[in-house]
Amino acid sequence: MASPVIASGSGTGPDPAGADTGPAGGAIEALGRRRLVLRRFLRNRLSAAGGVVLVLLFAMAFLGPLFYPWDHRTQDDLALLTPPSPEHWFGTTKLGEDLFAQCMRGLQKSLLIGLLVAIISTALAAVVGAAAGYFGRATDRSLMWLVDLLLVLPSFLVVAILSPAFRGGSWLLLVVLLAAFQWMITARIVRGMTLSLREREYVKAARFMGMAPWPIIRRHILPNMASLLIIDATINVGTAITAETALSFFGFGIQPPDISLGTLIYNGTESALTFSWLFLFPAALLVTTVLAVNFLGDGLRDALDPTSLRGRRRD
Amino acid sequence: MLEVRDLEVSFPSEAGRVAAVRGLSFDVGAGEVLGIVGESGSGKSVSALATMGLLPPQARIGGSIRFHGTELLGKSDVALSRIRGRRIAMVFQDPLSALTPIFTVGDQVAEALRVHDPKLAKKAAAERAVDLLDLVGIPHARARSASFPHEFSGGMRQRVVIAMAIANDPDLIIADEPTTALDVTVQAQVLDVLKTAQEITGAGIVLITHDLGVVAGVADRLMVMYAGRAVEQGAVDEVFGHPRMPYTLGLLGSVPRLDATEKRPLVPIEGQPPPMTDLPPGCPFTLRCPMAVERCSAEEPALEVVGPGPGGPEPHRSACWRSGDIERVEHDVAGAGADTAATLFGVRAPAPGAAGTDGRPDRPVVLDVVDLVKHYPVTTGSVFRRRVGTVHAVDGISFDIREGEVLGLVGESGCGKTTTLMEILGLEPPMGGRIVVLGSDVAGLGRRARVAVRRDLQVVFQDPVASLDPRLPVGDVIGEPLEVHGVARPQIRRRVAELLDLVGLRPDHANRYPAEFSGGQRQRIGIARALALEPKVLILDEPVSALDVSIRAGVINLLEDLRARLGLAFLFVAHDLSVVRHVADRVAVMYLGKIVEIGAVDRVFAAPSHPYTQALLSAIPIPDPAVERRRERILLRGDLPSPADPPSGCRFRTRCPLFVELDESRRRRCVTEEPPRAAVGSGHEAACHFAHAREVV
Ligand SMILES: Nc1ncnc2c1ncn2[C@@H]1O[C@H](COP(=O)(O)OP(=O)(O)OP(=O)(O)O)[C@@H](O)[C@H]1O
Ligand code: SF4
Ligand code: SF4
Ligand SMILES: [Mg+2]
């Protein structure tokens, strides 16, 4: 008689994650981190837009000049300092060079320099900081000694002193040099975070299942400071572009006849009020680039961070 | 004395108003102990704070709280503060935050006196403070009253807080989880002090806890809370003996009993309490209740009288539509000798097939630890590190585990349990002694061989939050060991689904992050990961101590089931002896880095021979008021000595109750000579010069 009272055994019960999953079925496969992150990333409109804009900027910078009648060096003597027109989209400079062609040329350099420097310096910081923190002992001591040394060296001076050596050399040297002086503080922060992450139980669990140190760093340590690294990288893009501008100004960075957004902005500043397009177009491109990178970074951060609500599926 | 009627408390929150307490009524008489139990979030602490007038200003309070006939609700803070501390005192869970770090404990107790009696001279107050500290069992009270709170251990701090609470001879003491943060032996001491305090002051006590054992021994009456309401209320014996609400039944059935001679299935209460923001109509327990019928989700049952109190004026009340049916089942089941809770919740006895201790010598040894030593240096200074001492975290321990066997390792916090596990798991040559895993000595392992051994030796950690990488989806977490050991991808995917099923989760859970799971589910994920490589030995570091009681039972059942099905050997670390009794075949008791007693569970629990084991066992409360009242406690003095400076001879002598009774020459032996581990029965060893069995459960 007690039969209706008795439950039919114990199931998993209602689960807190909400009812957004259908009934159980063996057909549902585990997606793995990479695909989950991509999915979460694409859900975030703003960051997807940032990504698209960045791709468009690249396309415009590298493909645009192929279809545009003017190149960045040709001087149109009939059009000196003309405002934007169908003939010269962004107007011309006082020597009659086409500003659009110049901007595209500058954008090429600045995009490459900004992104490469950001990626290289953040990656360097991550690797050095994580290695120092995870391995400790001699590795830690020697790496931190290097960091401190680079921190006390006046970087601008070093670049200035070295610049004659690479004058005429490839702009890639400039990238390396800029990156070499941008990673140290982040590396110190990464090291500190690694020290605490290393003691987490899930890192211990990985160690006890036989995972080697570098895979642990790649899989457990670095993803758990992804927010820091991404923010650092996005800031570095802006910093690198401005640093390059400053160096160019003092005659150490990109030298004429080569062009970067920085040199264009610098040249346009003096006539910002009189011939405003000379300043506005390159400046707008710079701002667009930096903003797009920031949105992209935000989205990546949310996608990688499981506690962020923005990456979640909305009902 | 205290009458609470229809108390309602709600708080604003992002998600809407949180109804923390919904119509709660109870009384406390002078000299009476009312126990309040419930899961975290059920509104226990909020009710207590409301009584003290300590709720934050944004809380909305309704109903009535009368103390000695005067209404407390609506009184100004100034008026309340005259009552608070003098007539109603409170003891909190965390004693450190209740004490000001910059004043000595003596000053703080004296201050508590002088606040309510400004005429009291400073000197007299200080004198009385020393008396009070002495009363709550602080050794050398006069000297120690000049110490600061951080110089005291958790148990000592809680005593100080109790001393402050009883300083003004209050009429009512509200103790909110006063022993939750403490070890069992210290918990027994503190409960004892609380009892003494009550006898001296004659105050009524409201004891809030989630441990049914604690209330069984101390309380006269019991109130069970769920989702902001009392769901069952009555005299302790009535409620424990004849529960009439499925939640109470589940709670009672979910805790393993120290005095259970045979293995009884544990009752898990699946699921979580409902969100308190917008409660659906009907009984809040509906979703988790095995007996729910249609009516339950439509209409909330009121708290109604279901039986008389035995001789007392307090009737037994419960809020459940089906309390009548429960009574009938209880009746039927009692004849069959079965367990009401287990029957109602439909749990079956654990699957047989566990090897137990039969034929032990014939089975191969899977883990052998011999004289393991681990010392940590104590250093000072940051620039020039100077070694100033040594922490003897593990100081020569030996044990072995055979195939399919569960060894429980128990001991107070800081005795070296985790250190032992980490030494074994590290697979590095130990500082001293030998570790042999599955026949290979770890000292001689090459890189390759070490990785191979790891396949067979896996670990489940204590904290289900910290042990899962928050950035990895659960599928990757579980598949990780397989990946490390080079299993192909499609195979990993299949195995992950299989493992999720094995631990009672759904395959589609693989795509979620750990943060989206409850504690119990996360611990299941941790277990699935540990089982991925089909290990032979599983090391578990307090796998259930971070979980809520009702969820604990589910995880323990799972572990038992897995062990029976897969023939695993466990090294199971716990500080809860009742869990160990339930799960383990053999038990090793650790004290300050040494094993003081080891043997088959039945033997050690029935005839503990080391005074420490006896004290430990006697300190554990049994959730049965009748048994609990009959029991005699062996109280230990003081706290665990520092492992940096262990006592000479027998390490336990500073707290040993037997030592005090010995004559001078025998004592000298305890002080000078370290007791070796000697057999006191078959496979049962104890490290005491004067070991003799004593029944304490
Ligand atoms: N890295 C370390 N450095 C110095 N001392 C340590 C270290 N790790 C642990 N200890 C000390 O060693 C002793 C044993 O610690 P262990 O963590 O093994 O205790 P436990 O029995 O697991 O306690 P619990 O029940 O709290 O988990 C403690 O006194 C602890 O403070
Ligand atoms: S009222 Fe219904 S749902 Fe609530 S406890 Fe009773 S049987 Fe279960
Ligand atoms: S050896 Fe002496 S001090 Fe140690 S436990 Fe036995 S009686 Fe107590
Ligand atoms: Mg521990």
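Just so it is clear: chains get the letters A, B, ... in the order the sequence lines come, proteins before strands, and each one is counted from 1.
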Side chain, backbone, both or neither: which part of B:Asp463 has a non-hydrogen atom closer than 4.5 Å to chain A? both

So, B:Glu480 and A:His220: side-chain donor and acceptor under 3.5 Å apart, yes or no? yes

Any idea which of B:Leu468, B:Leu425, B:Val451 has the most non-hydrogen atom pairs under 4.5 angstrom with chain A? B:Leu425

Ignoring hydrogens and geometry beyond distance, is a side-chain donor-acceptor pair present between A:Asp232 and A:Asn236 at under 3.5 Å? yes

Decide side chain to side chain contact (heavy atoms under 4.5 Å, CB included) for B:Val474 and B:Phe517; before the verdict, give the C-alpha distance in whole Å, the side-chain angles of both, and the deciding distance to 0.1 Å. CA-CA 10 Å; B:Val474 165; B:Phe517 293 87; 3.5 Å; yes

Select one option (side chain, backbone, both, neither) describing which atoms of B:Arg529 are under 4.5 Å from chain A's heavy atoms. side chain

Answer yes when A:Asp148 and A:Arg188 have at least one side-chain N-carboxylate O distance shorter than 4.0 Å, and no when they do not. yes

Bottom line for A:Arg219: the part with an atom under 4.5 Å from chain B's heavy atoms is both

